[in-house]
Amino acid sequence: MKMEYKQHFAAILYGAFDQQLEEETIYQMIEKPKLMSHGDLAFPCFALAKLRRKAPQKIAEETANAIDDPLFVKVEADGAYLNVFLNKQQVAADVIKNVLNERENYGSQNIGNGGVVTIDMSSPNIAKPFSMGHLRSTVIGNSIALILEKTGYKPVKINHLGDWGTQFGKLIVAYKKWGNEEKVRKNTIKELLQLYVTFHEKVDQNPSLEDEGRQWFKRLEDQDTEAMELWKWFREESLKEFNRIYELLGITFDSNQGEAFYNDKMDRVVHLLEGNELLTESEGAQVVDLSDDEMPPCLIRKSDGATLYATRDLAAALYRKETYHFVQSLYVVGNEQSLHFQQLIKVLKKLGYDWADGMHHISFGMILKDGKKMSTRKGKVVLLEEVIQEAIELANTNIEQKNPNIEDKNKVAKSVGVGAVIFHDLKNHRNNDVEFSLEDMLRVEGATGPYVQYTHARASSLLDKGLTKINVNQPILLQDDEAWPVISEIMMFPEIVERAVKSYDPSLVAKYVIDLAQAFNKYYGNVRILEDEQQKFSRLALVKAVSVVLKEGLRLLGISAPKEM
RNA sequence: GUCCCAGUAGCUCAGCAGGAUAGAGCAACAGCCUUCUAAGCUGUGGGUCGCAGGUUCGAAUCCUGCCUGGGACGCCA
């Protein structure tokens, strides 16, 4: 989506430069000056200087004199830069009107043309606690889905549950050896985790446990009754716990088909690979050789005949393509698995499936503890549910202290607590590793979710008190200089959404919403919005526009915006 | 050993489709609530942009090498 003012400037320059540069090139070169004294849009003349063999300063000067347009209040040469100053009052009125007309659709655009995008996300492992790492996948995937939807795609959120694999063999062994039915029934995940940890402690002394685990997993794959029953039980109880968390986060899925769903779809993959003569034997296992692509081989079948992660993901990719006819298929999975996805895509390409080009690994950094990866095996995990509950508690305390008379206190506390946790996860680029810090997650001041929510609540309160019905057709005349940075931010929103969808990067939206809130809070601090009857309407129109964009921005992150807090 | 990611203020990070004087938040210090929600605002201090070369009129941004940290690298997912 192009900014219309930038486009306009580019068109004018195109003429002024005697069409020596493509209009599109000019558009790309136009920048937004950091300093207000440098105007609203700027064009550096260096490139043209080379082309014309003329001093850039001179070109800037000559062009400045040649331009005369009602949209520009001033055109100025400053060194080699051509700076233009927009007619702020007119632009402000246009921008606000635009937002008031489009409301929550402001910034929506059709990039996707209705194309389906599957998103493999969340995917917690059965019988293990829902960790901070799964939170990342859940929250990032959800936000990307919302951003995709806003830009004309049809997202399909798939919770690819980790409900299959050798670890269930290990777990069954551990349960049969040291487990206690009553204890597990009472406190499923905690007990199962403990069994898992015990298994790994004992395996050091008794390596044959590994083999036993593998055997039990094989029995599971062969539909052995005892194995299946234990597995089903573990699965159901675990799901109950996960659903409590999804409920808190306000996140739903379009599909809960986990790894086990693909059990009967694995043979087909193996046959397909055989039919294409891609399968070779190596050290007793069946692999796809990828040495031509300078990658290690992709393991398809273990020496005991059992399938692997890659086999399952191949089956899932085929199933998803055939079921959803996706144009893109995203995998929101930690960056330590990047090799796996490179191999996955490569194997599909070798099978002749060019649609695999639409598959993307949306990687994210790890949650570190003392600078190191957290390990489930040692039982060192932080329980997400407890963190969220604590955040909600804190929000509650704040409400009691600052604004105890509002309606729906519990609902608001939940929104703000969850908002803090989600925002904390999304505000930085997803590929950064993050050191786990409860203190940071619970923070509500500065660049946080609650800060943005608070700003929105302030705006809402003004609109309530202003009592003026906002009539879209009434002329808007903003005379405050302080309003301009706010307008300038509002103007950016569509471009931010576009960049966010193209780079699968919710943090752009999170940063944007902070910038807008900051700009608005400055305005709020400097201008009494409800005092001057003459200007009240125009100012409230700005406030309304801000509240619409803040709310929509937060929504794209999966965070709600209460009217009071 | 090979490959991937990161290194910017005391801390957490933006900026990296090259552009003007490198920005936020936190922490520290100093102010602002009888007036629209102080979860806020204003101000001060704080920088060899890991190091060394190269490309360019111009490099935190692009290229190469090195250093440091993290991760991945066949029967886990």
Pick base, sugar-phosphate or nothing for A:Val416, based on heavy-atom distances below 4.0 Å to the nucleic acid. base
Indicate, with a heavy-atom threshold strictly under 4.0 Å, whether A:Pro296 touches base, sugar-phosphate, or nothing. sugar-phosphate
Let's test your reading of the model: under 3.5 Å, does the base of B:rA39 pair with the side chain of A:Asn521 as donor and acceptor? no
Parsed dot-bracket for RNA chain B after applying the Watson-Crick and G-U rules with both distances under 3.5 Å and | for other-strand partners is (((((((..((((.....[...)))).(((((.......))))).....(((((..]....))))))))))))....
Is any side-chain N of the basic residue among A:Arg219 and A:Asp222 closer than 4.0 Å to the acidic one's carboxylate O? no
Return the stacking result for B:rA77 and A:His340: yes when the ring centres lie under 5.5 Å apart and the planes under 30°, no otherwise. no
Under 4.0 Å, counting only non-hydrogen atoms across every strand here, what does A:Ser282 touch: a base, just sugar-phosphate, or nothing? base
So that I can tick it off, tell me whether A:Lys409 and A:Glu400 are bridged by a salt bridge, with the cut-off set at under 4.0 angstrom between side-chain N and carboxylate O. yes
For A:Asn398, report the nucleic acid contact type (base, sugar-phosphate, nothing); a contact means any heavy atom under 4.0 Å. base
Distance alone, cut at 3.5 Å: any donor-acceptor contact between the side chains of A:Asp163 and A:Trp231? no
Parallel under 30°, tilted from 30 to 60°, perpendicular over 60°: which one fits the rings of A:Tyr331 and A:Phe341? tilted
Is A:Asp464 salt-bridged to A:Lys563, going by a charged N under 4.0 Å from an acidic O? no
If anything within 90° of 0 is syn and all else is anti, what is B:rC33? syn
Say whether A:Arg312 and A:His160, considering side chains only, have a donor N or O and an acceptor N or O under 3.5 Å apart. no
Report which part of the nucleic acid A:Lys427 touches: base, sugar-phosphate, or nothing (heavy-atom distance under 4.0 Å, all strands). nothing
Nearest of B:rG74, B:rA39, B:rC76 to any side-chain atom of A:Arg214? B:rC76
